[in-house]
Amino acid sequence: GCGDQSSGGGAGGTRDQIRAVGSSTVYPFATAIAEMFVQGNPGMKSPIIESTGTGGGMKLFCAGVGAQYPDIENASRRIKKSEFEDCQKNGVKDIIEIQVGVDGLAFAEAKNGPGLKLTPKIVYEALAANPYGKGPNKAETWKDVDPSLPATPISVFGPPSTSGTRDSLAELILTKGCETDPAMKALKEKSEDEFKATCTRVREDGKYVDSGENDNLIVQKLGANPNALGVFGYSFLEENKDTLKDVTINGVEATYETVSTGKYPGARALYIYVKKAHMTAIPGLQAFLNTFASNWNPDGALTKRGMVAAPDDVRKASAETVKSLAVLDGSQLK
Amino acid sequence: MTATRTPTDWKSDAMRKRIARRYAAERRFKLAGLFAVLLSAAFLAFLLFTMLGNGLRGFTRTEIAVKIDFPASPLLLDPNAITDQSLANANLPMVTGETVKKALGADAEEWVSSTAWTVLRDRIKADPKILSRTETIALPASTAIDLAAKSNASPEAEAAVDRLNKAGLLSTGINWNFLSASDGTDPTQVGIWGAFKGSLLTMLVTLALSFPIGVATALYLEEYARKNWLTDIIEVSINNLAAVPSIIFGLLGLSIFLNFLHLPRSAALVGGMTLALMTMPVIVIAGRNAIKSVPPSIRDAALGIGASPVQVVFHHVLPLALPGILTGTIIGMARALGETAPLLMIGMRAFIATPPGGITDPATVLPVQIFLWSDEVSKGFVEKTSAAIIVLLVFLLAMNGLAIYLRNKFEKRW
Amino acid sequence: MTGPAILLLLAGLGAIAWVSARARALRLQTAARASGRRDAVHSLPGYHGWYVALWTLIPAAIFLAVWANVAPGLITQDVLSSPAAQSLPTDDFSRSAILGEARAIATGKQAGAFNPLSQGLVDPYKAATGKYGMAGAALALVLAFAGGAYAFTRVRPDFRARTRVERLVMAMLLIASLLAIITTLGIVASLLWESFRFFSMVNPIDFLFGTKWSPQSAAMGYGNEDAFGAVPLFWGTIFIGAIIAMIVAIPLGLMSAIYLTQYAQPRVRKWMKPILEVLAGVPTVVYGYFAALTIAPALRDFAVAIGIHSASSESALAAGLVMGVMIIPFVSSMADDSIAAVPQSMRDGSLAMGATTSETIRKVLIPAALPGVVGGVLLAVSRAIGETMIVVMAAGLSANLTLNPFASVTTVTTQIVQLLTGDQEFDSAKTLAAFALGLVLFIVTLLLNIVALRVVKKYREAYE
Amino acid sequence: MHEPQTLVPATETKMTARDVKVFYGEKQAIKGVSIDVDMDNVTAFIGPSGCGKSTFLRTLNRMNDTVASARTEGTITLDGEDIYAPSMDVVQLRARVGMVFQKPNPFPKSIYENIAYGPRIHGLAHGKADLDVIVEKSLRRAGLWDEVKDRLHDSGTALSGGQQQRLCIGRAIAVEPEVILMDEPCSALDPIATAKIEELIHELRGRYAIVIVTHNMQQAARVSQRTAFFHLGELVEYGVTSDIFTNPKQERTKDYITGRYG
Amino acid sequence: MHEPQTLVPATETKMTARDVKVFYGEKQAIKGVSIDVDMDNVTAFIGPSGCGKSTFLRTLNRMNDTVASARTEGTITLDGEDIYAPSMDVVQLRARVGMVFQKPNPFPKSIYENIAYGPRIHGLAHGKADLDVIVEKSLRRAGLWDEVKDRLHDSGTALSGGQQQRLCIGRAIAVEPEVILMDEPCSALDPIATAKIEELIHELRGRYAIVIVTHNMQQAARVSQRTAFFHLGELVEYGVTSDIFTNPKQERTKDYITGRYG
Ligand SMILES: Nc1ncnc2c1ncn2[C@@H]1O[C@H](COP(=O)(O)OP(=O)(O)OP(=O)(O)O)[C@@H](O)[C@H]1O
Ligand SMILES: Nc1ncnc2c1ncn2[C@@H]1O[C@H](COP(=O)(O)OP(=O)(O)OP(=O)(O)O)[C@@H](O)[C@H]1O
Ligand SMILES: [Mg+2]
Ligand SMILES: [Mg+2]
């Protein structure tokens, strides 16, 4: 025989459980959906949500079609072209991309902190390895960066370079700060690579501390160190309002409204990717997506758990995708 | 040769001083030893007390007594045809919220846990007739209220607790749910049972593989192997495996057990096998030391009356070496029990809300559960994390206790 | 016939084989013994029993193992050729999903069908499963009988059944120890391909000897040059795991072991030893929080107080100290065992010379127990090298090549975990670096172990 | 103390050794020794320390196999069979040729279990009652029964040195070997215990072929009928005990026996 | 072989024991023993196995302190000082009263280090050269120098049994003790090695007070001037060696010496 077509992985040839892998940022939202899915569909087994990181998840997700491969990838960034191609190569031809929401990026300090008021420009000048390409960053205190700020030493706990949150920090804050300099804008035209290096590279002399993926730990460390600044997911700020306070960016406070409307500059899209081939084979997959769709509204259950709802048009488009199961077109990816 | 030495003058001043110095050194040494033991024990005590201080609260929960008038509630349920599906369709969460509001006031919806409706569901399922009565039901309080009742939290929550206390509606009880439920997203509803069972199954697999294989390897190397290149290679590999970071075992498990052997992902079986590979070297190394210290005269004695080499080992050497082997097993298993990194690679760092039924079902383990909870946003998880750590330590103590009982039983002097 | 039933049946057959062979051997041997020479009888009857039982079980078990892999394919083949299967979709995955579901229903694992097509396949499945199940069972039984019968005819008083059975035991011991080599090869194999790909992107020389580790460079697409110098990571690993942690663990562990074996009441030792062993089992998250939130800030304040203003709140010292506490039991338990195993006569010899207890311990017992102590220390170092959580939480992630214990450093394993669990795409140099790091670490420890084996062989001392 | 023993005409040669050489690695410890051991006479090996007595004794039941560096050449037969032949089962050989070591080495088990172990693994007893009989008989023969009969379930290691040695002899006897090799069985014992064991050897003689290594020349004279004198790995002289002690043929033997040696 | 020794009039009583009782837990192992040890005569302890010879010997340098269950009553003095007095320093006592054990127990160190160990911990040598002198002298006195002088840095455990025992004697001598206790020092040795050690005892006599435990009555007769006969924890008879062996006063002694005992 040509082997057993129905075997491989799991108990038996198919799974009666949905499996999702991927980002630890999407993980809490996916688990919440999983719980609601079971409650709304009695008899269905609880989906299994793994927290592997977006990259590791993509690798698993794109490994193939079949019961031993996951159905859903949770991503805190868009799928990369190389990953998409890997998927194609392994027979994962039809991928459905759904943006489920937005993750707020929050700046915070201890309740008794100095009360910094920041702008992307200040953040860039304080954290860049090589501000505006003019040599290594020598700023020791916030005052060195901007005279209006107190002379407390710069000390920022933030996401490590492996994290998707770090990408947002680079894209949403550092690049914006960098672009305030016209020379940099010009550089962008000239050399994308050089621009990127100058504008998003973070100093490595201990002023910016890579802090792993454990945001609770940053929260605790901020509590112990009033001079430090933390950069992490908005939901952690909201949950820890009793020990932390937000740091305004461009004078805007980080609140649910400002983040969801994009007035607060830190926000990035969260996605899930689904294999179309699994839609018919894995029981409950469609219902799972429907559960997602019915909870990602601004007053939905996900926002209660700290997720920021996507803008209306995005939500509408995503809801449409859930219905139509429209397949991702790889050509627009980077 | 010099002239004969005069007998040592033990009474001389120099000698007295010297002896005094040596005694001082002796006392210092003994004190250093005592200090080392006490310091190590103090570290442990500190860790344990911190955990207990934070974690014991995780075993209790706060409940709010809510009077529910079922007939008057907007529930659309036929008491004679209660099914899972009809309950699911009844929009219980919304109904619960409305009911609580009605009973306790407009802002009260935030006071009860967001999963409080599952209590209603279970009550209705257990007794559909309840739908025609008014009944006071203790609903789990929300995290904010729970925290406020146990320690201190935001002023609003404290105020609410005061109000509820005045009305006598608040009660605190042991959270049995914590011991019987599995992972979830609402800290008031999560439980440790699934992870506990996962750990149990995983440890069983680990023990069942690593102990016999480790002991067999140690026996082979110490008792039978000729000292040649093959033994050297085996010895080096084992010592080296003990030094391999656990995450690499995860990579190995991923590529061999999952990708090559196609064993199920996230299963206790694969987790146990991976951890067994990691535990085995520890058992081998400790086992070899133990076997080495069995006096050769015992082997001679047995061989001399015609025992075969296999009999010598299984009748004499092994029982005598067992305490040492068990030491290795204890520390190896303790390490395996607390390990998370390799399990990540084989899919056990996951949200799994149903306890595993067997070793091939998806499962997670206690340290992973602790790790996941420690990273949760909701503050309610802080005490759950500590409580889970207590459960893990109790597990560890039970496991060690058994091994230590065996070790003491077999410890013999010759 | 179902799996458990056939296994049960085989076990029964094995038991019968054991009993009957044993009885036969006993009868024959009694006769032989009565009639004459001592060497007319070789093995105990029990060994004959095992010999025959093993012959009954092993061939059948091997066959069943093979069959379990072949039969599903045959069954599926059968089902596919049934009329109900003609309407199946052609797409492989949906097809196998339906087949799988049908099988789950047929074996009673699942109640209803999610996909209507699978209901039709249930009956063909049942039929095929029954057919091949019977065939497999019959063949297994035939094999069991054949094996048992062959072995049974060999039962004679002077047949060397014990030798055969023991040979199997020996083979199993050998196989067990070969597993270590297989695991080693497996690890190399699972790291090699990805490492190879990494080295095709990054120059191995730069990797091995570069002194700057800045994975953000690669991660954010600034190019690979200057990004993957692994030296700071290896230094961090040694600094935290082999130096700082050992400065804590060796004195505390060794002195604890000495105190417990030499000074303490036996009852105290009986209790304290296992209590210390609990330290090894406390989850590392706990240690991590302890290190990051209690030890690290205290150390930083201390450092600032003594005038080191550059002290970071993430420090090698904090991670190393806590890690040292965690691995105390590795040192203490192994040292305890080996010190206790030094013969009493050594101790008496020294005491009778007028040595104090501490002199006896330092000059006689510890040297004699050194192999075991070193073994424990090696295990402890190994554990320290492999630790990630404490390092991430307390020592940070920045790769500094520094001697300052108050600075933030990171270790190889920590980086591996970070790289593998991050959000970066998996085929970038960044993620692949994890494999290269793993491979190099593996090779380094392997070389160290080879050297250690040489050294130990040279200086091994026996006291009996 | 016993009178020197007289030689009994040998009825049956039990073991023969022909041109036996033993090497430890490069070093030759036994240099071509030939000897006969018969059933009715006790054979004693004497000689200075390190001359190879123990080594040669251990070749007789192949205990030297357990020393990795040891290599044996020459032929040794038991009842005419070559014990180094590949077809010879070592385990069975050792059951037939029992051994008592210089240093008493009881198993850390009960006295009863120490004796019962051999009969158990060789299937010599049928049932518990049978085993009890064997244990009692062996302990009686070893002259230990009266001292231990009330504490058969105490550990064998809790006995005094002399008792332990007798326990080991009892253990060796319990499997009913054909030959008993004793490597300085009395060196740890006081005269009374020694006398008991010598008595035992007398009793056992004729039933088993017995070879004993001893440092004590009086003892050799008392218990053996044949004596072999070893020196530097060579068999210097081998003959009737009384001859060796009263009328040694070799100068070296004479020197050793009169203590003028070394 | 040596002639029986004659008693020298004692010039100095080195140690006295008065009504010494030793208990192991509940069990009494020594039942009120009184003895004097003097400088010029060698004292031998004889008696059947388990009678308490070793136990009593070990009370003389308080080695029994290391046995948790042991408890000693009575008075023992060294140069008139009570060695069980709280003011007595055990470490110094053991340096002054050296001990050689039945089973040779060299440290797993080099021969040189074995000897140098004692002088080092007691600070008896000043510098390396001094230590070399001590090592050589002690090995010479122990009759081992010629055999090992070329391999002082080999391990002490690599020596033959007899050599190991002499090494242990050398080790004990190296700290220049005042009393040397020997617990069956020759039981593992062949006649030649035994003779060497006996010779050594003769030489050492007069310089050190010597007590020796032995099972070998001939040996006791050869080396000692006084003999103590123990039985069941009692001191049955204590006197001049030649008297004990030729004319024992007690029936029990006579029975033991003539082998009619037990
Ligand atoms: N395992 C071994 N490896 C190397 N050499 C050995 C070994 N065993 C014994 N020898 C050497 O072989 C020689 C003979 O040793 P053997 O033990 O047979 O002597 P022996 O006559 O029994 O001495 P003793 O009376 O001291 O017991 C000695 O030189 C000894 O050093
Ligand atoms: N550590 C101990 N614990 C309990 N009892 C002991 C201990 N050591 C010795 N004994 C007992 O004390 C008694 C005297 O023992 P001791 O060792 O002094 O005898 P011995 O005369 O030296 O005998 P041998 O000649 O056999 O060495 C014996 O009955 C022995 O069983
Ligand atoms: Mg010998
Ligand atoms: Mg004694």
Side-chain angles (χ1 to χ4, degrees), chain A residues 7-12 15 17 19-21 24 27-36 38-53 56 60 63 67-70 212-217 219-220 232-243 301 304-307, chain B residues 83-89 91-93 114-115 117-118 121 143 147 152-155 157 182-186 189 194 254 258-259 262-267 344-354 357-358 360-364 368 371-382 385:
Chain A
S7 75
R15 267 186 284 110
Q17 254 159 339
R19 296 199 74 129
V21 295
S24 53
Y27 170 86
F29 312 128
T31 54
I33 294 298
E35 218 167 54
M36 287 180 257
V38 176
Q39 283 150 7
N41 299 274
M44 281 292 173
K45 282 201 184 165
S46 174
I48 293 168
I49 320 284
E50 269 185 55
S51 163
T52 62
L60 293 167
Q68 68 266 47
Y69 306 108
E213 297 274 10
N214 195 329
D215 290 344
N216 270 325
L217 188 65
V219 170
Q220 303 253 25
F232 44 73
Y234 169 71
S235 46
F236 283 88
L237 173 62
E238 198 180 58
E239 180 73 15
N240 291 287
K241 275 278 165 64
D242 54 335
T243 52
K304 286 217 184 78
R305 296 188 48 90
M307 193 180 82
Chain B
T83 63
D84 285 345
Q85 196 56 53
S86 70
L87 279 169
N89 294 342
N91 202 0
L92 271 171
S114 60
T115 45
W117 61 270
T118 54
R121 182 191 63 191
T143 304
L147 284 178
N152 38 8
S154 64
S182 292
D183 199 5
T185 58
D186 179 353
Q189 288 288 306
L254 174 68
L258 297 187
N259 294 345
H262 293 303
L263 295 173
R265 196 174 164 84
S266 311
L344 167 71
M345 301 312 299
I346 53 171
M348 290 180 89
R349 181 158 123 191
F351 174 80
I352 292 163
T354 33
T360 54
D361 288 349
T364 189
V368 168
F371 175 77
L372 287 173
W373 284 356
S374 79
D375 201 20
E376 284 281 351
V377 176
S378 168
K379 275 195 175 160
F381 275 106
V382 173
T385 309

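The sequence lines fix the lettering, A, B, ..., with proteins before strands; numbering per chain opens at 1. Not measured: the values here are computed from a predicted model.
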Task: Under 4.5 Å from a heavy atom of chain A, the part of S374(B) involved - done: both
Open item on the list: Counting only non-hydrogen atoms closer than 4.5 Å, does P70(A) touch chain B with its backbone (N, CA, C, O), its side chain (CB onward), both, or neither?
Closed with: neither
Open item on the list: I'd like to verify something: which residue of T52(A), V38(A), I48(A) has the highest number of heavy-atom pairs under 4.5 Å with chain B?
Closed with: I48(A)
Task: Full working for side chain to side chain contact (heavy atoms under 4.5 Å, CB included) between L372(B) and Y27(A) - done: CA-CA 10 Å; L372(B) 287 173; Y27(A) 170 86; 3.4 Å; yes
Task: Greatest number of heavy atom pairs closer than 4.5 Å to chain B - which of S51(A), S46(A), G306(A) - done: S51(A)
Open item on the list: Here's a test for you: under side-chain contact (heavy atoms from CB on, under 4.5 Å), which of E50(A), Q17(A), K45(A) qualifies with P362(B)?
Closed with: Q17(A)
- [ ] With a 4.5 Å cut-off on heavy-atom pairs, point out which of N41(A), N240(A), D215(A), V21(A) contacts chain B the most.
- [x] N240(A)
Open item on the list: Using 0.5 Å steps for rounding, measure from the CD atom of E376(B) to the CZ atom of F236(A).
Closed with: 8.0 Å
Task: E35(A) versus G184(B), closest heavy-atom pair with distance - done: OE2-CA, 2.9 Å
Open item on the list: Which atoms of E238(A) are under 4.5 Å from chain B, going by heavy atoms: the side chain, the backbone, both sets, or neither?
Closed with: neither
- [ ] Quick one: list whatever passes side chain to side chain donor-acceptor pair (under 3.5 Å) with R349(B), sequence neighbours left out.
- [x] none
Open item on the list: So which atom in R265(B) and which in R19(A) form the shortest heavy-atom distance, rounded to 0.1 Å?
Closed with: O-NH1, 3.5 Å
Task: Residue pair T185(B) / T31(A): nearest heavy atoms and the distance that separates them - done: CG2-OG1, 3.3 Å
- [ ] Sort A301(A) into side chain, backbone, both or neither according to what part of it lies under 4.5 angstrom from a heavy atom of chain B.
- [x] neither
Open item on the list: If I measure from the heavy atoms of chain B, does L217(A) come under 4.5 Å with its side chain, its backbone, both, or neither?
Closed with: neither
Open item on the list: For Q39(A), is there any backbone N or O sitting under 3.5 Å from a side-chain donor or acceptor partner on R121(B)?
Closed with: no
- [ ] Please name all residues satisfying side chain to side chain donor-acceptor pair (under 3.5 Å) with Y69(A), sequence neighbours left out, ordered by chain then number.
- [x] none
